[in-house]
Amino acid sequence: MKTLDFSHNATALGLAHGPGVLDLVDRDPGCVDYIEMPFEQLRHNPSLGSVQEIAPIVLHCASMSVAGFIPPSQQTIDEISLETSRTQTPWIGEHLAFVSADGIHEEADRDTAPTNLTYTICPQLSEEAVERVSMNLESLRPKFSAPIILENSPQYFPIPGSTMSMSDFVAMVVFRCDVGLLLDLSHFMITSMNTGVDSSQELEKLPLERVVEIHLSGMKLADGIVWDDHSVPAPPEMFDLLEQVMRRSRPRALTMEYNWEAVPHNVILSHLERARNILA
Amino acid sequence: MNARNVHAVLAAGVQHPNLLSKWQGDPAFLRSQGIAPETIDLTALRKFAGLTVKVRHNGLRFDLPLTFRLMSLAELDIGVFSAYAIHCAATGHHYAKTSEERTCDLISFLERWLDLNQRNHSLLWDMIRHEQALAQLKRSTAENSASFLGNPRPPRILRGSSIPQVRGQVILHRMQCDPGAVRAALFQRPPRLDQIPEEIHFYCYWRVADEVHILNLDEFGYYALKLIDGITSVAKLNRRMGGGSRPTKAFIGALQQLAAVGVLDLYGTTSPQAICTSSS
């Protein structure tokens, strides 16, 4: 079983698990240092753990609902804990978002079960939500053998009751909770474009020195909104932002999330090379 | 607006996007949840619900890569999946477990939802059926076609009592474009979907032995093949095609052409188990 080696002090380069990735790594074992594996995929298909015979695993997660008011089930926590120990992931990258919420019903006084989603939602950007994240992390952290780092959400529309920008929210969470940042540059750029701010200026508001891991993927404008899109490669502007990040940060890992469909290997390899040159 | 209520409403909107138009028309419910209606963009929330359903259907991309590429380039994906999300929530539809079943469910929805007078809609309708037909035939077991592996029997005199049989498996589709032309357009830079010729094609997707062929039929051959069920005689088929009790030369010619290609056995006497599906 392979585990990630940080002794050389360079930023490790990885690919998110998805169609075609194992073929690529099998064909060109040196092209990446690790594979980022969603906990939810491992949970659904435990045989994916065998990936670790090919490359180390960094665990990603979308099940803790860190910014939510409905905690994950004990079973979910136990299973994340098990995979954390089994994979020896250096950290768990979790979304700064919620995936469960109180159930609501339009008829008053009617009992409702919580709403459990399969996709994370950007939380309210407020001090109340920061406080909630802090409480949730306090409860979650002792349960895992690896630290949790938090990934900024993409914002597609204004979240009611928000009192601050995404950058301010992320910065406040990082400082209040003393937590590492998984900076998803695509989410960051999407948020900047959807909220009409300059991404380069906004980036400087983030605590970049706390970045542990970076995500890169594609995005797409459709129906008047810029959306996350892991089926297309990152645009050139994303690499400009990466260069800007690297002026203030020395992340331990960078993951390319080209995992919604099989992106051509030559495209992935050229983007890995481009990222490697910037990280060097 | 407290974060807990905001999260509950956002999650409910994503889970049950069929409620959003109701909230839009009558914001009393939002107010009852402590949310000022003017602070929530219900249209964007509906589109986001579509994104989440689109991501849940990423598994279909393996069989339908061009369909997804077309939806993306024609900016149909968010609209299609938002409408699908609303439909599924309104009807209580649960997403199927396998990609094959999910594809069938999506096609059933599209058949009702698409407006084939819109060019991009008709392209999508043709492309998804094209890719699904190929995927279905490629997946079909050797057993299904094993009984049709033999070479076509040598021609004898075709009689009205002869019972033509399909060799192998066929799927028939009438289309308003050539999927090959769509494929070429999708990889042009920039893609020119508007330049894809609009022309009627009658395709027969045919699997025999381990090979899948696409036959471009004439209209007569297409409808003749549609009627062939392995139990109906040539004379009866001719009557169903509008002819008299004696098979016309045109009809016999069409059958002989199909036999020459190999898709028909004109002289079988037993009823095969060929799968023959079609749609307009």
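Just so it is clear: chains get the letters A, B, ... in the order the sequence lines come, proteins before strands, and each one is counted from 1. This is a predicted model, so every value here is computed, not measured.
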Peer 1: Sub-4.5 Å heavy-atom contacts with chain B: which residues of residues 15-25 of chain A show up?
Peer 2: none
Peer 1: Is it the side chain or the backbone of B:Q33 that comes within 4.5 Å of chain A heavy atoms, both, or neither?
Peer 2: side chain
Peer 1: For the aromatic rings, using the six-membered ring if either is Trp, is the centroid distance between B:Y205 and B:H130 under 6.0 Å?
Peer 2: yes
Peer 1: Using the ring centroid of each side chain, check whether B:H57 and B:F81 are separated by less than 6.0 Å.
Peer 2: yes
Peer 1: Among A:P158, A:G103, A:S231, which residue has the highest count of heavy-atom pairs closer than 4.5 Å to chain B?
Peer 2: A:S231
Peer 1: Would you please classify the geometry between the B:F48 ring and the A:W227 ring as parallel, tilted or perpendicular, with 30° and 60° separating the classes?
Peer 2: parallel
Peer 1: Let me know if A:T120 has heavy atoms under 4.5 Å from chain B in its side chain, its backbone, both or neither.
Peer 2: backbone
Peer 1: With no hydrogens and no angle check, just 3.5 Å: does a side-chain donor-acceptor pair link A:Q155 and A:T195?
Peer 2: no
Peer 1: Relative to chain A, which segment of B:R56 carries a heavy atom at a distance below 4.5 Å: side chain, backbone, both, or neither?
Peer 2: side chain
Peer 1: If I compare all heavy atoms of A:G68 with all of A:N136, which pair ends up nearest, and what's the gap?
Peer 2: O-ND2, 2.9 Å
Peer 1: So what's closer than 4.5 Å to chain B heavy atoms on A:D228: side chain, backbone, both or neither?
Peer 2: backbone
Peer 1: Under 3.5 Å, is there a donor on one side chain and an acceptor on the other for A:E36 and A:H215?
Peer 2: yes
Peer 1: Determine whether more than 12 heavy atoms belonging to other residues, nucleotides or ligands lie under 6.0 Å from atom OH of B:Y95.
Peer 2: yes
Peer 1: Scan the side chains in residues 71-79 of chain B for donor-acceptor partners under 3.5 Å anywhere in the protein, sequence neighbours excluded, and list what turns up.
Peer 2:
from, atom 1, to, atom 2, distance (Å)
B:D77, OD1, A:K220, NZ, 2.8
B:D77, OD2, A:K220, NZ, 2.8
B:D77, OD2, B:K54, NZ, 3.1

Peer 1: Is A:F69 close to chain B through its backbone or its side chain, or both, or neither, when contacts mean heavy atoms under 4.5 Å?
Peer 2: both
Peer 1: Less than 6.0 Å separating the ring centroids of A:H271 and A:F239?
Peer 2: yes
Peer 1: Please classify the contact of A:I70 with chain B as side chain, backbone, both or neither, using a heavy-atom distance under 4.5 Å.
Peer 2: side chain
Peer 1: Non-hydrogen atoms of chain A under 4.5 Å away: do they reach the side chain of B:I40, the backbone, both or neither?
Peer 2: both
Peer 1: Can you tell which of A:V99, A:D229, A:N116, A:I121 has the highest number of heavy-atom pairs within less than 4.5 Å of chain B?
Peer 2: A:I121
Peer 1: If the plane angle is over 60° it's perpendicular, under 30° parallel, otherwise tilted; pick one for B:Y84 and B:H93.
Peer 2: tilted
Peer 1: So which residue, B:E38, B:H7, B:H16, B:M1, ends up with the most heavy-atom pairs under 4.5 Å with chain A?
Peer 2: B:H7
Peer 1: Assess the pair B:H87 and B:F109: is the distance between their ring centroids shorter than 6.0 Å?
Peer 2: yes
